[in-house]
Chemist: 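Let me begin by handing over the structure; questions about it come next.
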Amino acid sequence: MSTVGKPYHWWQTGVVYQIYPRSFQDSNGDGIGDLAGIILRMDYLKDTLGVDAIWLSPFYPSPMVDFGYDIADYCDVDPMFGDLATFDRLVAEAHRRGLKVIVDYVPNHTSDQHAWFVESRASRQSPKREWYIWRDPKPDGSPPNNWGGFFGGPAWTLDPATGQYYLHQFVPEQPELNWRNPEVVRAMLDVLRFWMKRGVDGFRMDVVGLLIKDAELRDNPPNPNAPAGLPPNDIFGRQLHTYSEDQDEVHDLIRQIRCTLDEFPDRVGIGELWGDLPRWVKYYGENGDELQLPFNFRLIHLPWKAEALQASVDALEAALPPFGWPNYVLSNHDQARFASRCGGQAQARVAAMLLLSLRGTPTVYYGDELGLENGVIPPHKIQDPQGVNLGAHRTRDVARTPMQWDARPQAGFSSVEPWLPVTSDFEVRNVAAQLQDPSSVLTLYRRLIAVRRGSRALQVGSYRPLEAGAPGVFAFVREADGERVLAALNFNGEPVQVAFPGFGAGQILVSTSGREGEVAPADLTLAPHEGLLMTL
Ligand code: NOJ
């Protein structure tokens, strides 16, 4: 595949790194991470790890009922995290190093403390009444329809003072904006402009598939495949979300969002989107006029098996429109930690290689580069509303524990007890220790990122799956401008003999097990859970 002279965007060639600001670095000794803390760690991001862009989860003023995804003011910084001047400094420090900055945009709902909602709920005649979704109760006083909320319970709460229900598909403190109202659209597009003027390079957009609901707000049908054993309050889990998400009309809004991004050069829109492949792919737009990167979460919920993963990658490659750029995510602040989910450290190393060698933009979640495992959160310390409402096994706190920098108490994250505990192995599982260890996960990530940066084939080359001739092996070739890189990933706990005929000698670029030198792809033995990247 010739890529010569073809211009690629930073969000195509780069590696994105997600920072959960509460948990990255506390600079002021309150046990909660902050923007100044992120600035302190900028050299780590750029020079040590070598990523190209950082995505910051919300740092806006918020009562923190959903840890910042309940925003009380879209155009400011919560004092807990700093202020606008600190944010400007963060952008300047990032840009000085060539790092792009992506911020979270939460367009579907505000906090119930947002001035818009306070005004909206004040009376039925409020000029902001139609900024949110208010409906009369049914004649028997029950909610307007049967929708359930993601975090349990009904999606409607009655406001006794005005006698109407408002819609919220997350916690009741997250009322949903009415994007059918042009005033809301205008105000929310201005939020994008506000941050782009401050220099941000793009947005990760929260639940954008929810922006428009069925015009008649019809009842959702039951889900015939709902898992058994859901808690009684999990109404959402028992329904199909036919009328509450992914309505065709949403695409008009996404196009408007994209037009707004395009008012500024080279900004990126990344959407949090679920749903099946044919519907998901529509968020690229008919001519590439919607999102550049609808987040691809498909690998997250698959069994950690070579065949399942390859089938997903191949299906994605086949479904993408010619202008659609792929991307991969293995974890984020809503999922259990990857190293815990996929079976252990050996598997996490293979996962790192997969993420960083597939065709498409990889997003790395903070702490995964240390092989961080699920935090152990004592029941009385569970904070996430999902865990509080739907059971301890559903808490997302496990993936939000502090970044572990060194072996000092609190892992160098804070001088006081942090908002969530560090993991018990922090004395060895930390940046400082892993930097000294040539076989550490961090060393592997650094190497993978550096190799990707130096390889046109890995950054932008084509993807071609290979038949390995053995079960449990995912192998593929990436190729650009005469450069060829072969990836061979053994998902088995045993050694496996593979054969890729037709290739000459391969020079190992990275091995998850530290192997170096030359190999013969035509007759190759992979160690248990070994991944190899080689040039041919
Ligand atoms: C998705 C976010 O990633 C999650 O953390 C949040 O709770 C919901 N959207 C609601 O904003």
Side-chain angles (χ1 to χ4, degrees), residues 16-24 33 55-74 78 102-114 117 132-133 147-153 155 157 166-177 179 188 191 203-211 213 234 236-237 241 244-246 250 269-275 280 283 291 293-297 300-301 327 329-338 363 365-367 382-390 394-401 419-420:
V16 178
Y17 183 84
Q18 180 188 355
I19 293 177
Y20 196 67
R22 289 182 75 87
S23 302
F24 200 59
W55 150 32
L56 308 179
S57 285
F59 48 79
Y60 314 106
S62 165
M64 301 288 162
V65 179
D66 188 19
F67 294 95
Y69 283 91
D70 47 324
I71 297 175
D73 182 350
Y74 285 110
D78 194 289
I102 299 166
V103 299
D104 225 297
Y105 177 61
V106 186
N108 179 64
H109 43 268
T110 68
S111 158
D112 63 347
Q113 305 300 306
H114 196 295
F117 188 71
Y132 291 83
I133 301 172
W147 297 359
F150 284 74
F151 300 152
T157 288
Y166 66 88
L167 180 70
H168 55 80
Q169 295 184 78
F170 295 91
V171 289
E173 292 85 351
Q174 287 167 303
E176 302 206 4
L177 284 163
W179 277 77
M188 288 306 292
V191 172
F203 299 88
R204 173 273 184 190
M205 305 182 182
D206 196 70
V207 293
V208 277
L210 264 55
L211 289 189
K213 294 71 165 133
D234 195 353
F236 180 87
H241 310 117
S244 48
E245 61 187 44
D246 197 22
V250 78
I270 308 175
E272 189 202 11
L273 285 157
W274 301 84
W280 172 85
Y283 288 86
L291 297 173
L293 299 175
F295 254 149
N296 170 28
F297 300 123
I300 289 184
H301 295 303
N327 75 91
V329 180
L330 290 182
S331 43
N332 62 33
H333 62 291
D334 294 330
Q335 310 297 328
R337 275 283 174 192
F338 186 74
T363 299
Y365 183 49
Y366 89 94
I382 290 180
Q383 318 215 16
D384 173 26
Q386 182 168 284
V388 171
N389 298 343
L390 294 175
R394 295 283 305 274
T395 189
R396 299 170 296 177
D397 294 328
V398 296
R400 299 174 178 181
T401 62
W419 75 288
L420 287 174

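When a ligand or atom number is given, it counts from 1 through the structure's own listing order.
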Chemist: Please work out which of the three classes, parallel, tilted or perpendicular, describes the rings of Phe24 and Tyr17, given edges at 30° and 60°.
Modeler: perpendicular
Chemist: Using a strict cut-off of less than 4.0 Å between a Lys/Arg side-chain nitrogen and an Asp/Glu carboxylate oxygen, indicate whether Asp66 and Arg396 qualify as a salt bridge.
Modeler: yes
Chemist: Find all atoms of ligand 1 within a distance of less than 4.0 Å from any non-hydrogen atom belonging to Glu272, and give their numbers and elements.
Modeler: 1 (C), 3 (O), 9 (N)
Chemist: Considering heavy atoms of the protein only, find what lies nearest to atom 5 (O) of ligand 1 and give residue, atom and distance to 0.1 Å.
Modeler: Asp334 OD1, 2.7 Å
Chemist: What's the verdict on side-chain hydrogen bond (donor to acceptor under 3.5 Å, both in side chains) for Tyr132 and His114, showing C-alpha distance, side-chain angles and the deciding distance?
Modeler: CA-CA 12 Å; Tyr132 291 83; His114 196 295; 4.6 Å; no
Chemist: Return the CG to CZ distance between Leu330 and Arg337, rounded to the nearest 0.5 Å.
Modeler: 12.5 Å
Chemist: Which of the numbered atoms in ligand 1 are under 4.0 angstrom from any heavy atom belonging to Arg400?
Modeler: 5 (O)
Chemist: Just which atoms of ligand 1 are under 4.0 Å from any heavy atom in His333?
Modeler: 2 (C), 3 (O), 4 (C), 5 (O)
Chemist: Report yes or no: does His109 have a heavy atom closer than 4.0 Å to ligand 1?
Modeler: yes
Chemist: I'd like to know if Phe151 contacts ligand 1, where contact means a heavy-atom distance under 4.0 Å to any ligand atom.
Modeler: yes
Chemist: Judged by non-hydrogen atoms, does Arg204 sit under 4.0 Å from ligand 1?
Modeler: yes
Chemist: Do me a favour and list the nearest non-hydrogen protein atom to atom 7 (O) of ligand 1 with residue, atom name and distance?
Modeler: Asp66 OD2, 2.5 Å
Chemist: Before giving the answer on side-chain contact (heavy atoms from CB on, under 4.5 Å), spell out for Trp55 and Ile270 the whole-Å C-alpha distance, their side-chain angles and the decisive distance to 0.1 Å.
Modeler: CA-CA 10 Å; Trp55 150 32; Ile270 308 175; over 6 Å; no
Chemist: Could you tell me whether the side chain of Tyr365 reaches within less than 4.5 Å of the side chain of Gln335, counting heavy atoms only?
Modeler: no
Chemist: Taking the ring of Tyr166 and the ring of Phe117, is the distance between their centroids below 6.0 Å?
Modeler: yes
Chemist: Hey, would you say the Tyr69 and His109 ring centroids sit under 6.0 Å apart?
Modeler: no
Chemist: Any idea which protein heavy atom is nearest atom 8 (C) of ligand 1, and the distance to it?
Modeler: Phe170 CE2, 3.7 Å
Chemist: Under 4.0 Å from a heavy atom of Arg396: which atoms of ligand 1 are those, numbered in the order shown and with their elements?
Modeler: 4 (C), 5 (O), 6 (C), 7 (O)
Chemist: In the protein, what heavy atom is nearest to atom 9 (N) of ligand 1, and what distance, to one decimal place, separates them?
Modeler: Asp206 OD1, 2.9 Å
